[in-house]
Chemist: 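Sharing a structure with you now.
Side chains are part of it too, since the values below use all heavy atoms of this structure and drop only hydrogens, waters and symmetry mates. Please read all numbers here as calculations on a predicted model, not as lab measurements. Starting from 1, each residue takes its place in the sequence as its number.
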Amino acid sequence: MIQPPVLLVIAHGSRDPRHAATVHALVRRVRALRPGVRVETGFLDFNVPSVGGVLESLAVQGVRDVVALPLLLTRAFHAKADIPAVLADAPARLRIRQAEVLGPSPLLLSALERRLYEAGLTPADKSSTGVVLASAGSSDPEANAVIAAIAREWRHTGWCAVRPAFASASLPRTQDAVRELRALGCARVAVAPYVLAPGFLPDRIARGAADADVLADVLGPAPEVARVVLERYEAARVPALRAASA
């Protein structure tokens with residue numbers, strides 16, 4: 001029987017220990033959903049094991065097929081440059097396919113709403129609540145345009161208004177979007193961090209949410225996020241399995 005490709009979840013890494021702890025919690029949820037798939041974690045920076053170290057270890061163990069999944073919400077510099085460069089240096093015996101980043105996905109919108117409801121909102125509050133979709137931000141205009149498009153799409157699900165905001169590299173900042181929603185007349189304002197794990201930029205989002213009524217938690221190991229991980233894995237693994245059986 002052909003073994004399914006190993007799923008290598010590639011996280012950015014952070015000096016903040018909460019980041020790695022959240023990544024590992026998400027990976028545990030992914031493993032629980034798909035016990036027949038081997039799931040490993042590698043970090044681009046700050047944390048261990050490194051992506052290169054995991055790939056070397058897999059090659060030594062005789063693994064052939066790997067799906068490398070960027071634990072990223074947008075297709076920006078890390079997905080376009082950093083990760084392909086690391087994968088290009090992997091042992092030659094490995095057949096590696098890079099999966100798509102997690103976003104955008106309707107499941108991620110469901111995860112955002114889960115976090116807002118956990119923070120105290122209810123579905124009945126939607127029509128009177130303005131939401132700030134607060135992302136880390138990127139120097140890549142394509143990635144920022146995706147955030148703006150998600151905000152427009154989310155608005156159509158019944159919220160009073162939805163505005164994008166960015167913690168770095170682009171404008172507006174979270175606090176500016178909060179003020180804009182107040183000026184629009186929304187009865188309450190909520191901030192939904194569109195980030196996967198705690199760290200420096202999520203903390204900046206939280207500070208910018210000081211004048212909001214509700215601040216949701218990061219997406220973290222939400223079940224919807226785990227499902228998106230597996231969706232991206234399945235989409236990438238089919239060609240890999242065809243190659244293996246050829």
Chemist: Could you tell me whether the side chain of L219 reaches within less than 4.5 Å of the side chain of L112, counting heavy atoms only?
Modeler: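 Heavy-atom side-chain distance check passes, below 4.5 Å.
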Chemist: Report whether V131 and I150 are members of the same hydrophobic cluster (ILVMFWY, side-chain heavy atoms less than 4.5 Å apart, transitive linking).
Modeler: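 As far as the 4.5 Å side-chain criterion goes, I150 and V131 are connected within one cluster.
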Chemist: Between D89 and V86 (side chain of the first, backbone of the second, donor and acceptor by atom type, cut-off under 3.5 Å), is there such a pair?
Modeler: no
Chemist: Would you kindly confirm whether I83 and V54 end up in one hydrophobic cluster when ILVMFWY residues are joined by side chain heavy atoms under 4.5 Å apart?
Modeler: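 Yes, because I83 and V54 connect within a single hydrophobic cluster, where side-chain heavy atoms sit under 4.5 Å apart.
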Chemist: With hydrophobic residues grouped by side-chain heavy-atom distances under 4.5 Å, do L109 and Y117 end up in a single group?
Modeler: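 L109 and Y117: one cluster.
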Chemist: Please examine the side chains of L69 and L102, heavy atoms only from C-beta on, and report whether any two atoms are closer than 4.5 Å.
Modeler: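 The answer is yes; the side chains approach within 4.5 Å.
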Chemist: Going by salt bridge (charged side-chain N to carboxylate O under 4.0 Å, His left out), name the residues that satisfy it together with R114, two or more places apart in sequence or in a different chain.
Modeler: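 Partners of R114 under the salt bridge (charged side-chain N to carboxylate O under 4.0 Å, His left out) test: E224.
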Chemist: Quick one: side chain to side chain donor-acceptor pair (under 3.5 Å) pairs with a partner in residues 21-34, sequence neighbours left out?
Modeler: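 Pairs touching residues 21-34 that pass the test: R34-E234.
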Chemist: Compare every heavy atom of V132 with every heavy atom of A165, then report the nearest pair and how far apart it is.
Modeler: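 Taking A165 first and V132 second, the nearest heavy atoms are CB-CG1, 3.6 Å.
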Chemist: Using a 6.0 Å cut-off, check whether atom CD of E180 has over 12 heavy atoms from anything other than its own residue.
Modeler: yes
Chemist: List in chain and number order the residues that pass side chain to side chain donor-acceptor pair (under 3.5 Å) with E118, two or more places apart in sequence or in another chain; answer none if no residue qualifies.
Modeler: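 Result, side chain to side chain donor-acceptor pair (under 3.5 Å) vs E118: R115.
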Chemist: Would you call Q3 and R38 a side-chain contact if the rule is heavy atoms closer than 4.5 Å?
Modeler: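 Not touching, per the 4.5 Å side-chain cut-off.
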Chemist: Do any N or O atoms from the side chain of R163 and from the backbone of L133 form a donor-acceptor pair under 3.5 angstrom?
Modeler: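 No, R163 side chain to L133 backbone: no donor-acceptor pair under 3.5 Å.
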Chemist: Could you walk me through whether V218 and L196 satisfy the side chain to side chain contact (heavy atoms under 4.5 Å, CB included) test, starting with their C-alpha distance in whole Å, then the side-chain angles of each, then the deciding distance to 0.1 Å, before giving a yes or no?
Modeler: CA-CA 6 Å; V218 299; L196 286 167; over 6 Å; no
Chemist: Measure across L33 and A226 and return the closest heavy-atom pair with its distance rounded to 0.1 Å.
Modeler: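 Here L33 and A226 meet closest at CD1-CB, 3.7 Å.
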Chemist: So I96 and L8, do their side chains get closer than 4.5 Å, heavy atoms only?
Modeler: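 No, side chains not in contact.
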Chemist: Write down the atom of S168, the atom of R204, and the distance for their closest heavy-atom approach.
Modeler: CB-NH1, 4.0 Å
Chemist: Can you give me the closest heavy-atom contact between V37 and P5, atom names plus distance?
Modeler: CG1-O, 4.0 Å
Chemist: Can you check whether D125 reaches V214 side chain to side chain, under 4.5 Å on heavy atoms?
Modeler: no
Chemist: Rounded to the nearest 0.5 Å, what separation is found between the OG1 atom of T174 and the CZ atom of R179?
Modeler: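 These two atoms lie 10.5 Å from each other.
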Chemist: Identify the heavy atoms of L116 and A190 that sit nearest to each other, and give their distance.
Modeler: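 Result for this residue pair: CD2-CB, 3.8 Å.
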Chemist: Quick test of your reading: applying side chain to side chain donor-acceptor pair (under 3.5 Å), list the pairs with at least one residue in residues 7-18, sequence neighbours left out, ordered by first then second residue.
Modeler: H12-H78, D16-R18, R18-D203
Chemist: Could you pull out all residues at least two apart from S128 that satisfy side chain to side chain donor-acceptor pair (under 3.5 Å)?
Modeler: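 Listed in chain order: R188.
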Chemist: As an exercise, state the distance from CG of L72 to CD1 of I10, rounded to the nearest 0.5 Å.
Modeler: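 With rounding to 0.5 Å, CG (L72) is 8.5 Å from CD1 (I10).
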Chemist: Kindly determine whether N47 and V23 satisfy side chain to side chain contact (heavy atoms under 4.5 Å, CB included), including the steps that lead there.
Modeler: CA-CA 11 Å; N47 302 105; V23 170; over 6 Å; no
Chemist: Under a 4.5 Å cut-off applied to non-hydrogen side-chain atoms, are I205 and L201 in contact?
Modeler: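 Counting from C-beta outward, I205 and L201 never come under 4.5 Å.
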Chemist: Of all residues at least two apart in sequence or in a different chain, which pass the salt bridge (charged side-chain N to carboxylate O under 4.0 Å, His left out) check with K80?
Modeler: D140, E142
Chemist: Show your reasoning for whether side chain to side chain contact (heavy atoms under 4.5 Å, CB included) applies to V229 and L71.
Modeler: CA-CA 8 Å; V229 168; L71 200 62; 4.2 Å; yes
Chemist: In this structure, would V162 and L215 fall into the same cluster of hydrophobic residues linked by side-chain contacts under 4.5 Å?
Modeler: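 Not linked; separate clusters.
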Chemist: Is there a side chain to side chain contact (heavy atoms under 4.5 Å, CB included) between V9 and L26 once you walk through the steps?
Modeler: CA-CA 10 Å; V9 174; L26 173 59; 5.9 Å; no
Chemist: Applying the 4.5 Å side-chain criterion to the ILVMFWY set and letting contacts propagate, would L230 and V228 be lumped into a single cluster?
Modeler: yes
Chemist: Name all pairs fulfilling the ring pair (Phe, Tyr, Trp, His ring centres under 6.0 Å) condition that reach into residues 129-173, sequence neighbours left out, sorted by first residue then second.
Modeler: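 For residues 129-173: W154-W159.
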Chemist: For residues 206-216, pull every pair meeting side chain to side chain donor-acceptor pair (under 3.5 Å), keeping only residues two or more places apart or in separate chains.
Modeler: R182-D213
Chemist: Going by the rule side chain to side chain donor-acceptor pair (under 3.5 Å), which residues pair with Q98 if we only count those two or more places apart in sequence or in a different chain?
Modeler: none
Chemist: Find out whether Y233 and V30 are in side-chain contact, i.e. whether some heavy atom of one side chain is under 4.5 Å from a heavy atom of the other.
Modeler: no
Chemist: Taking only residues two or more places apart in sequence or in another chain, which ones pass salt bridge (charged side-chain N to carboxylate O under 4.0 Å, His left out) with R227?
Modeler: none
Chemist: Would you say the side-chain atoms of N144 pair up with the backbone N or O of S138, donor to acceptor, closer than 3.5 Å?
Modeler: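 Flag set: sc N144 to bb S138 pair under 3.5 Å.
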Chemist: Please name the pair of heavy atoms, one in A216 and one in A119, separated by the smallest distance, quoted to 0.1 Å.
Modeler: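 Scanning both residues completely, I find the closest heavy atoms to be CA-CB, 4.0 Å.
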Chemist: Can you sort out the partners of R93 under salt bridge (charged side-chain N to carboxylate O under 4.0 Å, His left out), two or more places apart, ordered by chain and number?
Modeler: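 So R93 forms no salt bridge (charged side-chain N to carboxylate O under 4.0 Å, His left out) with any residue.
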Chemist: Would you check if the side chain of R232 reaches a backbone N or O of V101 as a donor-acceptor pair within less than 3.5 Å?
Modeler: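 Confirmed, R232 side chain pairs with V101 backbone.
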Chemist: Hey, are the side chains of I2 and D65 touching, using non-hydrogen atoms and a 4.5 Å cut-off?
Modeler: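 Of all side-chain heavy-atom pairs linking D65 with I2, none is under 4.5 Å.
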Chemist: Which side chain to side chain donor-acceptor pair (under 3.5 Å) pairs, counting each pair once, include a residue from residues 49-58, with sequence neighbours left out?
Modeler: S57-Q61
